[in-house]
Protein chains: 2
Amino acid sequence: MKTSIHEKIIDTASNLFYIHGYHSTGINEIIAKSGIAKATLYGHFKSKEDICIAYLNHRHDGFMKSLEEFVGRRKKGKNQLLAIFDFLQDLYREDHFNGCWGIKTLGELSPKEKKILEVIQKQKKELLLFLGEVVGANIANLSKAEIERISSGLYLLYDSAITESHLFKNDWPIFMAKSIAPSLFADLEVE
Amino acid sequence: MKTSIHEKIIDTASNLFYIHGYHSTGINEIIAKSGIAKATLYGHFKSKEDICIAYLNHRHDGFMKSLEEFVGRRKKGKNQLLAIFDFLQDLYREDHFNGCWGIKTLGELSPKEKKILEVIQKQKKELLLFLGEVVGANIANLSKAEIERISSGLYLLYDSAITESHLFKNDWPIFMAKSIAPSLFADLEVE
DNA sequence: AAAACAGTAGACAGACCGGTCTTTTGTATA
DNA sequence: TATACAAAAGACCGGTCTGTCTACTGTTTT
C-alpha cells in the first residue's frame, strides 16, 4: 500500500518547514512538492497552523521512539545516562541536520501563536520526563528532587548541544556537553 | 538632540523583530510604528535583511557592553565566573524578555540567508571569547585548551538557560545552569 | 532668491499569502 | 449501470509582501 495522502502532506511539510522555516514555507509550495490539489490539503488539515502542529508531532514522535530504542539497546549505567549525546551525534551526521525543530519553531512564534508554543512545551516536558526515567533506572536511591536535578541538567546540555552544533555547523558542542554531563552524577553510585 | 531617524528605525524594528519575529514583521509595520515614510527607510537601509543585521548588532552590542560592565563590577573569583547567570536572571526579569535574539533569528533562517547566519555566528564567537577572558583572569595557570573547555562549557549552559527559560516562561533553567557551572572548575584554584 | 536636500505621503508593481470554491476526472461500491 | 466519493486543477478572494517611484513640503545652505 502506498503512503496515504495525509502522511504525504506531513512528510512534505516537515521537510520544508524544517529546512526553510515555517513562515518561509507557503501552502502552494507544499501542494506543489507533494503533488496534490489545494482542496485536498484543506480536506485533511483545516489550517497551516494545524499542519505545523502535525509536523512537530511527527518529528517528536519519531525522535522519542528512536531515542528510547537507542537507550534501551545500551548497557545499564553510564552508557545509558550518556546515550542521548551519542544519539545526537548520529542525528548530527544525518543529511539535512538543522538543529531542533521545536526550538527552531519557537524562534518564529509571535505571541498569538499560543497553540504551537504549548505543543513545543509539552514535547520538551516529555523529553524531560523520559530523561528522569533513565536517571532513576541507572542511579540508586535517588530522591525525586535529585532525579529532577540530574535529568534537567542532562536536558539543558542536550538542548544546547543540538542548537549550537547547528549554529556552528560543528559537533564540538556535542562532545563538550557529553563531557560535562558526568559531573552531574560524579559522586553517586551509578549501577 | 532628538534620536536620529536611523536609530529610530533600528529601535522600532528591534522591538518588532524580537517580539513578533523577523519574517512576521513587515516593512509597513516598521514605518507605521516609527512614523516615517517608506522612501526614508529605504534611504537608510537598502533591504529588510540589512535592517535585520542592524537589529542583531544593536542587541548584541548593548548586551556585550552591559555584560562586561556587570562582570567588571564583581569581585574576582567565583563571583565573576558565575556572573553571566545572574546577569541573565536580570535580563529574564525585564519586560518583554523573549530569549536570545540570535538563536531566535537562527530558527527563522532558510539556507539562502547566509549573511545573517554569519552575523549570528560571529556574535556568539565574540561571547565565547569574552568568557574565555573571564576564565583566564579568574583561574590560575590554565592551558589554552583548559580555558576553552571551561568557557565553552559556560557558554553552552548560558545559551540553554536563556532559550529554555524563554520556552518554559520560568527561570528554573537559569538556576540549574548556574548550579551546574561550578563543576567545570571544581578542582581548580579559583583566585 | 535659488538650489540642494531630507523628509512625507502614498500610488504602484509584481509577486505571493492563506483559504474557498467550482468543475472535472477517475474509481470503487451498491 | 448508477451512485458516491476522493482527488485534481486551478480560478478566485481579499489581503500582504518587499521594494520603487513620483509629487510635494519644508528647511538649510549657497
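To find a chain, count down the sequence lines: A is the first, B the second, and so on, and within it residues start at 1.
- Between Leu109(B) and Ile120(B), the closest side-chain pair of non-hydrogen atoms falls below 4.5 Å.
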Protein proximity profile, nucleotides 4-23 of chain D - base contact B, sugar-phosphate-only contact S, no contact -, cut-off 4.0 Å on heavy atoms: ---SBBB------SBBBB--
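- Using a 3.5 Å distance cut-off with no hydrogens or angles, the side chains of Asn28(B) and Lys38(B) do pair a donor with an acceptor.
- The aromatic rings of Trp172(A) and Tyr155(B) sit tilted relative to each other, their planes meeting at an angle between 30° and 60°.
- The minimum heavy-atom distance between Ile51(B) and Ala13(B), with the atom names listed, is CG2-CB, 3.6 Å.
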I would like to know whether Tyr92(A) and Phe85(A) meet ring pair (Phe, Tyr, Trp, His ring centres under 6.0 Å); could you show each step before the answer? CA-CA 10 Å; Tyr92(A) 173 82; Phe85(A) 300 103; over 10 Å; no
